[in-house]
Each structure stands twice: as C-alpha cells, then as structure tokens.
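Heads up, the thing below is written out as structure tokens.
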Amino acid sequence: MASFMRFCFATLFILVITSSAPATTAEEFKVGGDEGWRQPNANETEMYSRWAATKKFHIGDSLRFEYKNDTVQVVDKGGYYHCNSSHPISVFHDGNTVIKLQQPGLIYFVSADPDHCKNGQRVTVEVMPLHQNSQSPSQSSDASPAPSLFSGARSFLIVQELVFFYVAASASFNM
C-alpha cells in the first residue's frame, strides 16, 4: 500500500512540475545596445526606434541607460514627439540609470538636450503585461491562450505544498 501511495504522489508531483508554466524572469535591457544612450549621427536618427522594435518589454524588466554628459528624461507623448522636455515626468543624469518597468503601456524617453532629441536621441517602449504572449501589438488577436492551471510564483507554492504533503504522507506510512 505504501509503495502505491508513493507512486501516486510522485506521479502527481511530476505532473505539476511539467504542466506548470515557467515563471517569467525579469530582464535588463541596455538601451541602444553596445552604443548606449548617445546622440545619433546624421544617418542613424532611427537607431533607438529600430533597437526598441527588436525587444519585448514586460512589467518587471529594467532599462539601463549608459551615457556621458547627457540626461534621460521620462516625458509624455507630446514631449516625446515635439522634443519638449520642459515638463518631464522624471529626470536622470547620473550616467548609469536603471529604470524598472512597473506598468503596462507606452513610456517615452528623451535626452533633455533638444538638439539631441531632434537628432533621434529618444525612444518609446511598450511595456506588456506579464500574462500577454510575445506577439507584437500589431499582431494581436482576439483569441486568448488558455490559462495554465498553475503559473509563476503560485506554481512554486503549490509545488512546495505537494512536496511537504508527500514527505508527511510517506513518513506516516513508514511508521
């Protein structure tokens, strides 16, 4: 009887582990890649737009801005499109700024130097919710994926509870 119970618990444990969705891990993105945060040359005015278009940003991820003699400002949509940094939401000038992405939606970043901004030193990132798949906004569909029975941190707690239950049950059967 005890070996059958162990088999049942082990099977359940393996099913939970293999059926649970992997927990998402936060990523840190260096803005501009190896180029960092700098004023683009005349033929590079779209470098930050191209950089951001190749990334998927999610809540919990971070952006690292590395720069010298410059600033990073978080601005609203109008400030971004008109390179107007007179009313920034946030201002950073330490040369190595890490900004954690905490809510979904568009976030606009510019250099406080209007000439730098007009020359392309600005970037928009779209932050996706954690549960959204990795489709780009233009590829979104009406069909939502079926929710996983267990996901993320919750699956880890369930696994801990199952392990505890398995150990307790097997100990009681061995007595």
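- Residues Tyr48 and Arg38 come closest through the heavy atom pair OH-N, 2.7 Å.
- Ring to ring, Phe57 and Trp51 are close: their centroids are under 6.0 angstrom apart.
- In this structure, Phe65 has its ring center under 6.0 Å from that of Phe109.
- Within 6.0 Å of NZ in Lys100 there are 12 or fewer heavy atoms belonging to other residues, nucleotides or ligands.
- Counting non-hydrogen atoms of other residues, nucleotides and ligands closer than 6.0 Å to CD of Gln103 gives a total of 12 or fewer.
- Rounded to the nearest 0.5 angstrom, His82 NE2 and Lys118 NZ are separated by 11.5 Å.
- What you find for Thr25 and Asp61 is that their closest heavy atoms are O-OD1, 4.2 Å.
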Go through the steps to decide whether Leu101 and Leu63 satisfy the test side-chain contact (heavy atoms from CB on, under 4.5 Å), and finish with yes or no.
CA-CA 8 Å; Leu101 306 175; Leu63 299 178; 4.1 Å; yes
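- Across every non-hydrogen atom of Ile89 and Asp76, the tightest pair is CD1-N, 3.9 Å.
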Exercise. Given Leu106 and Tyr80, is the side-chain contact (heavy atoms from CB on, under 4.5 Å) satisfied, shown in steps?
Worked result: CA-CA 11 Å; Leu106 295 173; Tyr80 176 83; over 6 Å; no
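- Among all heavy-atom pairs drawn from Val110 and Ser85, the shortest one is CG2-CB, 4.4 Å.
- Separation of atoms CD (Gln73) and CZ (Arg122) is listed at 13.5 Å; rounding is to 0.5 Å.
- Nearest heavy atom pair, residue Glu35 against residue Met47, reads CB-CE, 3.7 Å.
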(request) Run the numbers on Ser111 and Asp113 for side chain to side chain donor-acceptor pair (under 3.5 Å), then give the verdict. (result) CA-CA 5 Å; Ser111 169; Asp113 184 317; 5.7 Å; no
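- Shown here is Asn41, whose CG atom has more than 12 heavy atoms of other residues, nucleotides or ligands within 6.0 Å.
- The CD atom of Glu66 lies 4.0 Å from the NZ atom of Lys30; values are rounded to the nearest 0.5 Å.
- Residue pairs that meet the disulfide (SG to SG under 2.5 Å) test with at least one member in residues 50-119, sequence neighbours left out, are Cys83-Cys117.
- Residues that satisfy the side chain to side chain contact (heavy atoms under 4.5 Å, CB included) test with Ile59, not counting sequence neighbours, are Pro104, Val127, Leu130.
- Here the closest non-hydrogen pair linking His116 and Asp70 is ND1-OD2, 3.1 Å.
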Quick one: do Trp37 and Arg64 satisfy side-chain contact (heavy atoms from CB on, under 4.5 Å)? Show the steps, please. CA-CA 9 Å; Trp37 184 244; Arg64 178 178 296 276; over 6 Å; no
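- Clustering ILVMFWY residues whenever any of their side-chain heavy atoms sit less than 4.5 angstrom apart, transitively, puts Val31 in a cluster other than the one holding Tyr108.
- Counting only distance, with no hydrogens or angles, the side chain of Thr71 and the backbone of Ala112 share a donor-acceptor pair below 3.5 Å.
- Between Arg50 atom CZ and Lys55 atom NZ the span is 12.5 Å, to the nearest 0.5 Å.
- Panel note: side chain Tyr67, backbone Asp94; a donor-acceptor pair is recorded below 3.5 Å.
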